[in-house]
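These notes are about the structure you will find just below.
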Amino acid sequence: MKKFSHKQIAAQSGLSLATIDRALHQRGRVHPQTQQRIRQAMADLDLQYKAGLAQGRTLWFDVILHTPERFSELVREAFISQIASFASFRIQLRFHCFEQIGVAEVDALLKKCGSDSHGIILKAMNDALLVPTLAGLLKQRVPVVTIVTDVPESARLRYIGMDNASAGEAAAFLMAKWLKRGNARIMAVTGSGDFTGEQERIAGFRRAMRSFDPGCTLDVVAGGFGIDAQMHRCVSEALANGEVPDALYTVGGGNGGILQALEERGIRPDAVIAHDLDRENRALLQAGKIDALIEHNLQLDAQHAFRTLLAFHHFLPESEPWAAWSRVNIITRYNMPT
């Protein structure tokens with residue numbers, strides 16, 4: 001690994017120079033989470049160095065993610081892999097990844113990043129508290145784009161990712177084909193009712209299922225933020241009424257916990273459809289516990305995000321808003337990429 005200065009590590013991690021110095025020279029006690037942030041910052045710097053960043057103007061982009069770790073890993077890998085595609089600029093990414101974080105904390109982080117950022121890439125809950133903050137950032141010439149899920153009434157430049165409603169409709173099409181009977185009872189599980197993208201998936205799924213199976217029953221379970229233990233608890237509570245779903249559509253992750261809750265009650269759905277080819281879902285797909293995954297190209301999202309932020313600063317020409325949408329892909333165990 002290339003050796004980086006304390007100043008570089010501090011800028012990448014968001015920690016003070018004193019904290020970096022104390023941790024690297026083992027001067028006093030350093031919290032394990034702080035040590036992990038430093039290790040991750042050094043790993044990110046090394047990956048970015050190896051990506052072959054060209055000489056040019058340095059631009060700092062902050063990536064704020066409220067998402068389970070397994071998905072933030074996918075985003076981190078995808079975004080770092082695309083830096084070399086913009087060789088005219090020296091793009092530096094600072095990742096701020098949280099499995100659990102409140103809206104007020106996201107708001108404070110946005111304001112902090114705005115002091116020295118050239119652009120922010122955001123995945124967060126849709127909350128009115130963020131709206132004036134995003135408007136203030138835009139006035140400061142700090143553009144924000146949202147990925148995977150949106151804050152639609154805000155001053156963000158654009159949403160980047162898949163058409164979530166269409167993804168839900170695609171899931172319903174597959175579900176109806178597999179069930180091959182009417183009046184099905186389907187459990188739809190979402191990590192939170194505050195993620196716009198997940199709610200759009202549920203809405204698209206509901207709309208399409210009503211056309212395929214007008215007599216179907218859709219039980220929506222919300223909560224757990226895609227974290228296995230919390231999703232297990234939410235689904236277990238929902239199953240306590242004795243209703244047995246014929247099929248499962250999960251839009252927000254935590255599928256290990258969700259499926260465990262069903263298995264503990266001897267429930268084996270006729271069809272299970274989920275989202276995202278992360279490490280957990282890859283294993284569940286291979287084991288036959290998930291029938292199909294809906295995913296999209298995060299590398300393309302990274303390109304769209306970088307291009308949008310660079311265009312805001314007039315380094316690149318503007319692109320059409322629709323160009324920021326990614327195509328929905330259907331993955332089974334038989335066409336799963338390595």
Test item: [X] side-chain N/O and [Y] main-chain N/O as donor-acceptor pair under 3.5 Å:
{"X": "Arg37", "Y": "Ser13", "result": "yes"}
{"X": "Asp163", "Y": "Ser166", "result": "yes"}
{"X": "Asn297", "Y": "Leu300", "result": "yes"}
{"X": "Asn164", "Y": "Val148", "result": "yes"}
{"X": "Arg201", "Y": "Val251", "result": "yes"}
{"X": "Asn281", "Y": "Asp278", "result": "no"}
{"X": "Ser5", "Y": "Gln8", "result": "yes"}
{"X": "Gln230", "Y": "Gly254", "result": "no"}

As an exercise, state the distance from [atom1] of [X] to [atom2] of [Y], rounded to the nearest 0.5 Å.
{"X": "His6", "Y": "Thr19", "atom1": "NE2", "atom2": "OG1", "value": "12.0 Å"}
{"X": "Phe212", "Y": "Arg207", "atom1": "CZ", "atom2": "CZ", "value": "11.0 Å"}
{"X": "Leu17", "Y": "Lys7", "atom1": "CG", "atom2": "NZ", "value": "8.0 Å"}
{"X": "Glu169", "Y": "Glu200", "atom1": "CD", "atom2": "CD", "value": "11.0 Å"}
{"X": "Asn183", "Y": "Leu179", "atom1": "CG", "atom2": "CG", "value": "11.5 Å"}
{"X": "Ile294", "Y": "Met162", "atom1": "CD1", "atom2": "CE", "value": "7.0 Å"}

Quiz item: Does CZ belonging to Phe98 count more than 12 external heavy atoms closer than 6.0 Å?
Solution: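 Yes - once you tally the heavy atoms of other residues, nucleotides and ligands closer than 6.0 Å, there are more than 12.
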Problem - Neighbour count above 12 (heavy atom, 6.0 Å) for Glu153 CD - result: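 Result for CD/Glu153: open.
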Does a side-chain heavy-atom distance below 4.5 Å link [X] with [Y]?
{"X": "Gln199", "Y": "Thr190", "answer": "yes"}
{"X": "Ile38", "Y": "Ile20", "answer": "yes"}
{"X": "Arg268", "Y": "Leu262", "answer": "no"}
{"X": "Leu277", "Y": "Met336", "answer": "yes"}
{"X": "Met42", "Y": "Ile9", "answer": "yes"}
{"X": "Met231", "Y": "Val189", "answer": "yes"}
{"X": "Asp127", "Y": "Asp194", "answer": "no"}
{"X": "Gln260", "Y": "Ser236", "answer": "no"}

Transitively linked via ILVMFWY side-chain contacts under 4.5 Å: [X] with [Y]?
{"X": "Phe315", "Y": "Phe61", "value": "yes"}
{"X": "Ile121", "Y": "Leu138", "value": "yes"}
{"X": "Leu59", "Y": "Ile147", "value": "yes"}
{"X": "Leu93", "Y": "Val142", "value": "no"}
{"X": "Ile202", "Y": "Val151", "value": "no"}

| said: With salt bridge (charged side-chain N to carboxylate O under 4.0 Å, His left out) as the rule and sequence neighbours excluded, what pairs involving residues 282-295 come up? | reply: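 Every pair satisfying salt bridge (charged side-chain N to carboxylate O under 4.0 Å, His left out) with a residue in residues 282-295: Glu263-Lys289.
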| request: List the steps, then state whether salt bridge (charged side-chain N to carboxylate O under 4.0 Å, His left out) holds for Arg70 with Asp276. | output: CA-CA 10 Å; Arg70 59 183 173 271; Asp276 304 321; over 6 Å; no
Testing the basics here: between [X] and [Y], what is the closest heavy-atom pair and its distance to 0.1 Å?
{"X": "Asp62", "Y": "Ser117", "answer": "OD2-OG, 2.8 Å"}
{"X": "Ala208", "Y": "Ala172", "answer": "CB-CB, 3.5 Å"}
{"X": "Cys97", "Y": "Arg76", "answer": "SG-NH2, 3.6 Å"}
{"X": "Ala23", "Y": "Val30", "answer": "CA-CG2, 3.7 Å"}
{"X": "Lys112", "Y": "Ser115", "answer": "O-OG, 2.8 Å"}
{"X": "Cys113", "Y": "Ile64", "answer": "SG-CD1, 4.2 Å"}

(Q) Please tell me whether Gln299 and Glu77 have a donor and an acceptor in their side chains that are separated by less than 3.5 angstrom. (A)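 Judged by distance alone, the side chains do not pair up.
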_Pairing donors with acceptors under 3.5 angstrom, does anything connect the side chains of Ser326 and Asp301?_
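A donor-acceptor contact under 3.5 Å links the two side chains.
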Can you confirm whether or not the ring centre of [X] sits under 6.0 Å from the ring centre of [Y]?
{"X": "Phe79", "Y": "Phe306", "value": "yes"}
{"X": "Phe312", "Y": "His118", "value": "no"}
{"X": "His296", "Y": "His275", "value": "no"}

Mind running side-chain contact (heavy atoms from CB on, under 4.5 Å) on Ile80 and Phe95 for me, showing each step along the way? CA-CA 10 Å; Ile80 288 178; Phe95 289 92; 4.0 Å; yes
Answer yes or no: is there an ion pair linking Asp228 with Arg233, defined by an N-O contact shorter than 4.0 Å?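 No, no charged N to carboxylate O under 4.0 Å.
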side-chain contact (heavy atoms from CB on, under 4.5 Å) evaluation trace for Arg158 with Thr308: CA-CA 8 Å; Arg158 66 178 54 168; Thr308 299; 3.6 Å; yes
Measure from NZ or CZ of Lys123 to the centre of the six-membered ring of Phe195 and say whether it is under 6.0 Å with the direction within 45° of the ring axis.
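Flagged: Lys123 positioned over aromatic ring of Phe195.
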Query raised in the report: Who pairs with His96 by ring-ring contact (aromatic ring centres under 6.0 Å, His included), at least two apart in sequence or on another chain?
Result: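 So His96 forms no ring-ring contact (aromatic ring centres under 6.0 Å, His included) with any residue.
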Go through the steps to decide whether Leu110 and Leu134 satisfy the test side-chain contact (heavy atoms from CB on, under 4.5 Å), and finish with yes or no.
CA-CA 8 Å; Leu110 283 165; Leu134 297 189; 3.9 Å; yes
Show your reasoning for whether side-chain contact (heavy atoms from CB on, under 4.5 Å) applies to Gln92 and Leu45. CA-CA 8 Å; Gln92 295 281 349; Leu45 284 168; 4.0 Å; yes
Practice task
Evaluate the side chain to side chain donor-acceptor pair (under 3.5 Å) criterion for residues Asp150 and Thr196: first the C-alpha distance (whole Å), next the side-chain angles of each, then the deciding distance (0.1 Å), finally the verdict.
Solution key: CA-CA 6 Å; Asp150 198 10; Thr196 302; over 6 Å; no
Hey, can you pull the donor-acceptor pairs under 3.5 Å for the side chains in residues 237-248, sequence neighbours left out?
| unit_1 | atom_1 | unit_2 | atom_2 | d |
| --- | --- | --- | --- | --- |
| Asn241 | OD1 | Glu243 | N | 2.9 |
| Glu243 | OE1 | Arg185 | NE | 3.4 |
| Asp246 | OD1 | Arg181 | NH2 | 3.1 |
| Asp246 | OD2 | Arg185 | N | 2.8 |

| message | Walk me through whether Asp116 and Arg94 qualify under salt bridge (charged side-chain N to carboxylate O under 4.0 Å, His left out). | response | CA-CA 11 Å; Asp116 64 350; Arg94 292 182 293 209; 3.0 Å; yes
